Amino acid sequence: MITHGGTGLVGAAMPLGDLLIHKGVMNQAQLEDALEEQRRSGHTKLLGEVIVDLGFATNEQVMEALAEGYGVPFARISARIADPRVTEALPRDFIESHCVLPLFLIDGVMTVAVTEPANLFLTEEIERITGHQVQIVAATSADIRATLQAYLPNANVFVIDDIYEDVEVTDFSIVESQVTDLGNLEEVSGQSPVIKLVNFLVYQAVQDRASDIHVEVDDHMCRVRYRIDGRMVTKLAPPHQMHPAIVSRIKIMANLDISERRLPQDGDIHVMVDGRPIDLRVSTMPGKHGEKAVIRIIDSRSAIVPLEKIGFGPELLSEWRRIIDSSNGVILVTGPTGSGKSTTLYSVLAELSSDELNISTVEDPVEVNISGVNQFPVHEKAGFTFSSALRSLLRQDPDILMVGEIRDTDTARIATQAALTGHVVFSTLHTNDAMSAVTRLVNMGIEPYLVAAIMRGVLAQRLVRKICPHCKSLHEPDDRSRKLLEEYLGECVEVYRGEGCSRCHGKGYAGRLGIFELFVPSGHLLDAISQGMNAQELRSLAIESGFKPLRHDGFSKVAAGLTTIEEVIRVSSM
């Protein structure tokens, strides 16, 4: 069940049904059906229970909405983050009758998962029994009872292993060679709740296919958020007092100086999850209320994706393969941070790699190891920059070069020289569209006629979230969206969206794919580049020649039922 009490309202601001509609979980017609069913039953069930019984939402979606309305965190809890010494603080009959679960105790504050976030009397009773201040998180009764059943089958003894012992010891482990300060590690190892929590955060992030973990703090709250499919999702709100211990544990794992809290620090963690290596890039930044830690997750399982699976359509993929098979010139991938540029280039290099070619890269940092490719990380403090590394690589007899990013004039000039002397140079630029890459190189000091001479192709890309296949359904778009589809595709098409289910955590999306525009200058377009034509004029001329902009590819994927109109509009500009 959803809750054992309450009125079915989310705070005083918005009823539960309205909040679920606002979150896109259900529609108005479904709400009216649920209210009518509740009336027919004589109000013997809460509205949330009726909504779940009718299949309009999951337990998790209703509880998450209730938690949001009452202003408390929602957590998908498991025994991985429960401390046995803390769970024993409440009698078993109390835990089972009230469906609560103490999770951990830090500096006198006990975090307890409950199914009734509005029940202040329950919170006061827990404080009276335990003698501790209580912070609550909302969780489903199914999660709480499953955890209790797993670890309390017949007795009042709570048994729990660390997260990496959940299946086998090797399922999650730190590569100890990267942690050299064994004294500090031994000292912190006694803080079992902190270790369990940090291990859980990393393990769960990998399972959720998150790209980043954010540990943040303000003057009264600590929160942990994941970036999943490009969007930030709040996962947990540990006690505020726990924040320094969490950050210190992360810094120890990354072999950073835990005594230094005034300057930013960067480090690496190497772990094994389910028997495969995962690299974690750690960045800490001092803030007003404490340090923020961000962990970038680099999963070798998903780092190199075959070009066919990135999102290219058949025609675009054929043209892109023709471009990357050039014997010389510059080939660029553009887009904002987080648009998948590195993934595309890694996939290209993996496909081109062979014993007959000398392929070398300069990266900051090297994120993925590619078999058969020579990869070199820059070291700014030592003077090993993109430009100096590229200059040295030209003396290494390369066939193909990949520069992580063209950031400055010096790098741009060396890349131009390499392309003019018979090398293929792959790189990235931060521009909004393909044509702007041309003007960006000109602004860096490369003469327009040289840009025309070296440019083989520019691929601009974005990442859109894919519709969850488990809750995918037909959807009627509004008039504006319908007109956009007809404008770009020239026809009416059926469109879909995800209704939200347990497999996609109620979001309606699962995974991402790329949408692209490919600019291949030739003929009069090369003349236009040589003459210094600006990006907007160049774009208009290219469209007249058959160039298909980013939104065309995006709406084609809408028509194919892969993504939504809203996603394409969100990531692209007119």
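As a basis for the values below, the full set of heavy atoms in this structure was taken, side chains included, without hydrogen atoms, waters or symmetry mates. Here the structure is a predicted model, which is why all the values come from computation and not from measurement.
With a 4.5 Å cut-off on side-chain heavy atoms, I21 and N27 do not count as touching. Put simply, the side chain of R462 does not reach to within 4.5 Å of the side chain of D553, judged on heavy atoms. Inter-residue side-chain proximity for L526 and P521 is flagged as met; some heavy-atom pair is nearer than 4.5 Å. Within the 4.5 Å cutoff, the side chain of F74 has no heavy atoms near those of the V137 side chain. A heavy-atom distance below 4.5 Å is not found between the side chains of E405 and L429. Side-chain contact between N328 and R456 is present, with at least one heavy-atom pair separated by less than 4.5 Å. Side-chain contact between I298 and L280: absent, with no pair of heavy atoms (C-beta onward) separated by less than 4.5 Å. At least one side-chain heavy atom of N374 sits under 4.5 Å from a side-chain heavy atom of F376.
The heavy-atom pair separating A453 from L420 by the smallest distance is CB-CD2, 4.3 Å. Nearest approach of L390 to A415, heavy atoms of both residues: CD2-N, 3.7 Å. In this structure, A205 and I297 approach most closely via the heavy-atom pair CB-CD1, 3.4 Å. Across all their heavy atoms, V558 and V568 have their closest contact at CG2-CG2, 3.8 Å. Of all the heavy atoms in A293 and I250, the pair that sits closest is CB-CD1, 4.3 Å. The two residues L401 and A418 have their closest heavy-atom pair at CD1-CB, 4.2 Å.
Listed for the H243 side chain is a donor-acceptor partner under 3.5 Å among the backbone atoms of E291. Not a single donor-acceptor pair under 3.5 Å links the side chain of S318 to the backbone N or O of P314. When atom types are taken as modelled, the side chain of N358 and the backbone of Q396 share a donor-acceptor pair closer than 3.5 angstrom. Using a distance-only test at 3.5 Å, with no hydrogens or angles considered, no donor-acceptor pair links the side chain of T411 to the main chain of R407. Under the 3.5 Å distance criterion, the side-chain polar atoms of E499 are left unmatched by any main-chain donor or acceptor of M26. A distance-only check finds a donor-acceptor pair linking the side chain of S388 to the backbone of T385 [under 3.5 Å]. With K292 contributing its side chain and H214 its backbone, the two residues share no donor-acceptor pair below 3.5 Å. Judged by distance alone, the side chain of Q204 and the main-chain N or O of L201 form no donor-acceptor pair under 3.5 Å. Side chain of K472 to main chain of L562: no donor-acceptor pair is present (N/O by atom type, distance under 3.5 Å, no hydrogens or angles). S353 contributes no side-chain N or O that, together with a main-chain N or O of L349, makes up a donor-acceptor pair within less than 3.5 Å.
For R281 and D268, the salt-bridge test passes: some basic side-chain N is under 4.0 Å from an acidic carboxylate O. Using a cut-off of 4.0 Å between Lys/Arg side-chain N and Asp/Glu carboxylate O, R391 and D410 are scored as salt-bridged. At a threshold of 4.0 Å, the pair E68-K23 counts as salt-bridged, since one of the basic side-chain nitrogens sits closer than that to a carboxylate oxygen. Ion pairing between R465 and D229 fails under the 4.0 Å rule for side-chain N and carboxylate O. Between D408 and R413 no salt bridge is recorded (no basic side-chain N to carboxylate O distance below 4.0 Å). Ion pairing between a basic and an acidic side chain is recognised when a charged N comes within 4.0 Å of a carboxylate O; K483 and D479 show no such pairing. Taking the charged nitrogens against the carboxylate oxygens, R539 and E517 do have a contact shorter than 4.0 Å, which makes a salt bridge.
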For this session: Given salt bridge (Lys or Arg N to Asp or Glu O under 4.0 Å), test E351 with R321 step by step and report yes or no.
Result: CA-CA 10 Å; E351 181 164 305; R321 279 185 163 141; 2.8 Å; yes
For this session: Start with the C-alpha gap between V458 and T334, add the side-chain angles, then the distance that decides, and say whether side chain to side chain contact (heavy atoms under 4.5 Å, CB included) holds.
Result: CA-CA 7 Å; V458 184; T334 74; 3.6 Å; yes
Exercise. Does the side chain to side chain contact (heavy atoms under 4.5 Å, CB included) test come out yes or no for I406 and L332, once each step is laid out?
Worked result: CA-CA 10 Å; I406 297 179; L332 297 173; 4.1 Å; yes
Exercise. Can you list the steps and then say if F426 with I324 is a side chain to side chain contact (heavy atoms under 4.5 Å, CB included)?
Worked result: CA-CA 9 Å; F426 291 95; I324 65 176; 3.8 Å; yes
Exercise. Would M253 and V198 satisfy side chain to side chain contact (heavy atoms under 4.5 Å, CB included), going step by step from the backbone distance to the final call?
Worked result: CA-CA 10 Å; M253 292 169 68; V198 174; 3.7 Å; yes
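L352 CG to L345 CG: the interatomic distance, rounded to the nearest 0.5 Å, is 10.5 Å. In this structure, CG on L538 lies 11.0 Å from CD on Q531, to the nearest 0.5 angstrom. Distance check: E216 CD to H289 NE2 gives 12.5 Å after rounding to the nearest 0.5 Å. Taken from CZ in R512 to OG in S339, the straight-line distance is 9.5 Å, to the nearest 0.5 Å. A distance of 8.0 Å separates CG of L236 from OH of Y226, quoted to the nearest 0.5 Å. Taking CD of E363 as the start and OG1 of T361 as the end, the distance is 3.5 Å to the nearest 0.5 Å.
Between the side chains of T284 and Q265, not a single donor N or O lies within less than 3.5 Å of an accepting N or O. Under the 3.5 Å distance criterion, with hydrogens and angles disregarded, no donor-acceptor pair is assigned to the side chains of T428 and H430. No side-chain donor from either of T344 and S347 sits under 3.5 Å from a side-chain acceptor of the other. Defined by atom type and a distance below 3.5 Å, a donor-acceptor pair is missing between the side-chain atoms of H475 and T564. Between D433 and S436, the side chains place a donor N or O and an acceptor N or O closer than 3.5 Å (distance only, hydrogens not considered). Between the side chains of R551 and S572, at least one donor N or O sits under 3.5 Å from an acceptor N or O. Residues D279 and H270 bring a donor and an acceptor atom of their side chains to less than 3.5 Å of each other.
Within a 6.0 Å sphere centred on CD of E486, heavy atoms belonging to other residues, nucleotides or ligands number more than 12. Within 6.0 Å of CD on Q28 lie more than 12 heavy atoms contributed by other residues, nucleotides or ligands. With a 6.0 Å radius and a threshold of 12 heavy atoms from other residues, nucleotides or ligands, D478 has its CG atom above the threshold.
Residues passing the ring pair (Phe, Tyr, Trp, His ring centres under 6.0 Å) test with F555, sequence neighbours excluded: Y488.
Tested against D208 for a salt bridge (charged side-chain N to carboxylate O under 4.0 Å, His left out), the candidates K235, R225, K507 yield a single pass: K235.
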